[in-house]
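Because the structure is a prediction, the values reported are computed rather than measured.
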Amino acid sequence: MKKMKQLYEGKAKRVFLTEESSLVIQEFKDDATAFNNKKKGTIAEKGVVNNAISCKLFTLLEEHGIHTHLVEKLSDRDMLCRHLDIIKVEVVVRNIAAGSLVKRYGFAEGTVLENPIVEFYLKDDDLDDPLMNESHAVALGVATLEELAILKNRAEAVNAVLKQFFADRKLKLVDFKLEFGRHDGEILLGDEISPDTCRFWDLETNEKMDKDRFRFDLGGVEDAYSEVQRRVLELD
Ligand code: UDP
């Protein structure tokens with residue numbers, strides 16, 4: 001399968017049409033952004049690492065009956081995917097308080113949440129991805145109530161699988177963001193799951209092993225990403 005016309009260029013990925021209209025190729029770049037594009041940079045080999053981690057995690061989720069857009073890993077940076085009509089909702093799941101949860105609600109960072117929190121954000125860079133509830137999403141026409149219920153259930157199922165998977169690899173899955181899309185009357189998990197879209201803390205030291213190292217200039221960004229990759233892939 002080869003790349004045809006570029007369909008879209010995002011912050012961390014490019015998406016290409018292929019000869020097959022139901023399939024696209026997602027190419028992972030090394031570009032990194034944070035704070036809605038206000039901070040820009042590159043993380044060496046990030047595209048290779050995030051493609052490898054995402055392919056492994058999507059395969060794991062498929063093994064648990066969660067349908068994703070992954071067809072196959074084509075190369076270091078390229079993932080062959082089902083072509084989705086992306087739902088403009090970012091679904092965030094939180095197991096431990098960090099990031100905007102701390103800022104918005106005053107939780108102490110690191111507070112373990114007894115029940116995971118699921119949040120919906122409108123996927124709209126111009127509006128800074130505002131937090132929204134089901135009524136907002138329905139009023140905006142981005143998803144139906146039935147679809148939102150599926151997204152929440154699916155996100156909780158993903159969390160159950162990934163939390164255990166990362167605990168086995170001595171990482172705490174603090175929080176993460178998922179995107180979904182419609183394909184042939186079905187809702188599939190799309191986008192990526194990587195240190196760009198998740199927070200991981202080392203189980204023993206609580207060291208941050210994700211994009212927060214880039215966001216807050218903590219140093220050791222590449223090392224953290226490749227250590228996550230090592231832990232994700234080593235037990236194969
Ligand atoms: N996240 C993401 N893309 C976004 C916003 C958030 O991948 O546009 C991820 C982020 O990496 C973290 C989780 O979702 O793992 C929760 O992010 P939060 O709401 O705390 O926002 P942030 O502090 O990252 O701005």
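Side-chain contact between Val93 and Glu156: absent, with no pair of heavy atoms (C-beta onward) separated by less than 4.5 Å. Between Leu173 and Asn159 there is a side-chain heavy-atom pair separated by less than 4.5 Å. Between Pro195 and Ile53, the closest side-chain pair of non-hydrogen atoms falls below 4.5 Å.
A cation-pi arrangement is present between Arg169 and Phe165, with the terminal nitrogen or guanidinium carbon under 6.0 Å from the aromatic centre and inside a 45° cone about the axis. A cation-pi arrangement, defined by a distance under 6.0 Å to the six-membered ring centre and an angle within 45 degrees of its axis, is present between Lys39 and Phe214.
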- Query: Could you go step by step and tell me if Lys13 and Asp191 meet the salt bridge (Lys or Arg N to Asp or Glu O under 4.0 Å) rule?
  - Reply: CA-CA 9 Å; Lys13 295 185 291 292; Asp191 195 48; 2.9 Å; yes

- side chain to side chain contact (heavy atoms under 4.5 Å, CB included) between Ile96 and Trp201, intermediate numbers included: CA-CA 10 Å; Ile96 298 174; Trp201 294 353; 3.8 Å; yes

- Message: Determine whether Glu72 and Arg82 satisfy the following criterion, salt bridge (Lys or Arg N to Asp or Glu O under 4.0 Å), listing intermediate values before the conclusion.
- Response: CA-CA 10 Å; Glu72 61 171 327; Arg82 295 178 184 88; over 6 Å; no

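Under the 4.0 Å criterion applied to side-chain N and carboxylate O atoms, Glu227 and Arg231 are assigned as salt-bridge partners. Ionic pairing of Lys46 and Asp196 is present here: one or more N-O contacts between side-chain nitrogen and carboxylate oxygen are shorter than 4.0 angstrom. Between Asp30 and Arg77 there is a salt bridge, with a side-chain nitrogen of the basic residue lying less than 4.0 Å from a carboxylate oxygen of the acidic one. Note on Asp212 versus Arg199: salt bridge recorded, some NZ/NE/NH1/NH2 to OD/OE distance being below 4.0 Å. Salt bridge annotation for Glu27-Lys3: present, with a cationic side-chain nitrogen under 4.0 angstrom from a carboxylate oxygen. Here Lys88 does not pair with Glu179 in a salt bridge; the nearest charged N to carboxylate O distance is not below 4.0 Å.
Phe216 and Phe35 have their aromatic ring centers within a separation under 6.0 angstrom. Side-chain rings of Phe58 and His69 approach one another, their centers coming within less than 6.0 Å.
Around NZ of Lys11, the count of heavy atoms belonging to other residues, nucleotides or ligands within 6.0 Å exceeds 12. In this structure, Lys152 places its NZ atom where only 12 or fewer heavy-atom neighbours from other residues, nucleotides or ligands lie under 6.0 Å away.
Val174 and Leu113 fall into different hydrophobic clusters, defined by Ile, Leu, Val, Met, Phe, Trp and Tyr side-chain heavy atoms under 4.5 Å apart, directly or through other members. In the hydrophobic clustering of ILVMFWY residues, with side-chain heavy atoms under 4.5 Å counting as a link, Leu7 and Leu84 come out apart. Neither Val48 nor Ile25 shares a network with the other; the hydrophobic side chains, linked directly or stepwise wherever heavy atoms of I, L, V, M, F, W or Y lie under 4.5 Å apart, form separate groups for each.
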